[in-house]
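Predicted, not measured: the structure shown is a model, and the values here were computed from it.
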Amino acid sequence: MTIFLHEMKLGTKMLIIWSVAVGAIIMACMAVFPDIKEQAEEISNAFAMMGAFTSAFGMDKIIMTEPLGYYGLDCAAVLAFGGGLFAAFISARMLSKEEAEHTAEYLLTHPVRRVDIIAGKLLAVFAQIIIFNLFCTLCAIVSFAAIGETVMGKAFWLFQLAQVIMHLEIACICFGASAVLKRGGVGFGLGLATFLYFMNLVANISDKWEALRYITPYAYADPSSILPAVAIEGTYLVVGLIYALVALAFAFFWYSRKGIAQ
């Protein structure tokens, strides 16, 4: 519990910065929806002529002139990508920073097992991601209410749930990597989250790349899949959970046995 509270305290500033930044962008994007709604026909025609770009962002499956559709295409991209970067940022150096900052000698002299260290840090990562998503969800609800729309519906809540799971999966993968890395963890994490995001865009463009959906967690969190069907793609979700569990198992196994450079 001490390690958990310590990591939560250290991560408070970044949690606030990321949450406020992403939440503010979501609210700003939703604020322009009334203007978008008034130009429905022109916007629909413009998007229909964008070819591969239309497919990549799911514009051919979601009606942008509806409030939830607009949220899924515009605001949700900010939540998905921004949240993925945040998850990667806080988890990719969670274990490696003790060596990079030469604090391992101090930490490991305490009567605490390495398993407890890993568990405390992991819980801190999970807690920050959940708080981040709760805040962003609140911002979304407030922004809908501000423009006189309602978000009460299964599709919205399934999408928000998928975002939480996807962010947690990215965090688990980066957390596993942090057990190995000594330096450069943040760069690796941010690069991985960005790569996975664009991998999903490629998969949306053509059926030839459909296999990529089994690799990127953005596949089961894609609004163009969840909102029309009002369901999360179970196959991709299960595969993603397996990746997360394997990464966590690796983190516990490797960090518990590795020699720490102090």
Side-chain angles (χ1 to χ4, degrees), residues 14 17-19 21-22 25-26 50-59 61 72-97 100 122 125-126 128-129 132-133 136 159 162-226 232-233 235-251 254:
M14 295 309 301
I17 292 174
W18 281 85
S19 299
V22 174
I25 295 174
I26 289 174
M50 291 184 178
F53 185 83
T54 302
S55 300
F57 289 93
M59 296 178 182
K61 300 177 182 178
L73 287 174
D74 198 348
C75 307
V78 176
L79 175 59
F81 187 52
L85 291 178
F86 172 68
F89 180 86
I90 63 174
S91 59
R93 63 186 297 271
M94 186 58 78
L95 294 176
S96 62
K97 68 180 181 179
L122 181 62
V125 169
F126 282 5
Q128 290 178 59
I129 291 174
F132 168 85
N133 276 276
C136 290
F159 174 76
Q163 297 306 299
V164 177
I165 297 173
M166 182 262 290
H167 296 156
L168 290 175
E169 181 188 339
I170 292 176
C172 288
I173 295 173
C174 292
F175 190 82
S178 74
V180 178
L181 300 173
K182 293 184 179 180
R183 284 174 171 69
V186 172
F188 168 81
L190 297 180
L192 176 63
T194 303
F195 178 72
L196 292 174
Y197 179 78
F198 284 99
M199 186 181 292
N200 185 59
L201 298 184
V202 172
N204 286 342
I205 293 175
S206 173
D207 292 338
K208 295 188 306 181
W209 302 101
E210 187 173 358
L212 294 178
R213 293 192 174 98
Y214 289 95
I215 301 175
T216 171
Y218 287 95
Y220 61 77
D222 194 327
S224 65
S225 171
I226 297 174
I232 300 175
E233 177 56 60
T235 302
Y236 302 140
L237 176 60
V238 170
V239 172
L241 292 177
I242 292 174
Y243 289 154
L245 291 175
V246 170
L248 290 184
F250 174 79
W254 188 270

Note to self: Using every non-hydrogen atom in the two residues, find where G189 and C174 come nearest and quote the distance to one decimal.
What the structure shows: CA-SG, 3.8 Å
Check: N133 and L79: which non-hydrogen atoms are nearest, and at how many Å?
Finding: OD1-CD1, 4.2 Å
Checklist line | Residue pair G84 / Y218: nearest heavy atoms and the distance that separates them | finding: CA-OH, 3.6 Å
Note to self: Please give me the minimum heavy-atom distance between Y220 and E233, naming the atom from each residue.
What the structure shows: CB-O, 4.0 Å
Item checked: Separation of L237 CG from E169 CD (nearest 0.5 Å) -> 8.5 Å
Checklist line | From L122 atom CG to M94 atom CE, the distance as rounded to the nearest 0.5 Å | finding: 9.0 Å
Check: Between CG of L201 and CG of D222, what distance do you get to the nearest 0.5 Å?
Finding: 8.5 Å
Item checked: CG-CD1 distance between L248 and I173, expressed to the nearest 0.5 angstrom -> 9.5 Å
Check: Under 3.5 Å, is there a donor-acceptor pair between the side chain of R213 and the main chain of A203?
Finding: yes
Check: Would you call the rings of F132 and F86 parallel, tilted or perpendicular, where under 30° means parallel and over 60° means perpendicular?
Finding: parallel
Item checked: Spatial distance of atom SG (C172) from atom NE2 (H167) [nearest 0.5 Å] -> 13.0 Å
Margin query: Minimum heavy-atom separation for A251 and G176, please, with both atom names.
Written below: CB-CA, 3.8 Å
Checklist line | Minimum side-chain heavy-atom gap F198-V202 below 4.5 Å | finding: no
Notebook entry, point to check: If we only count heavy atoms from C-beta on, is the L85 to Y197 side-chain gap below 4.5 Å?
Noted result: no
Check: In terms of the angle between their ring planes, are F89 and W18 parallel, tilted or perpendicular, with boundaries placed at 30° and 60°?
Finding: tilted
Checklist line | Exercise: identify the closest heavy-atom pair between I170 and S91 | finding: O-OG, 4.4 Å
Item checked: Between CE on residue M14 and CD1 on residue I90, distance to nearest 0.5 Å -> 10.0 Å
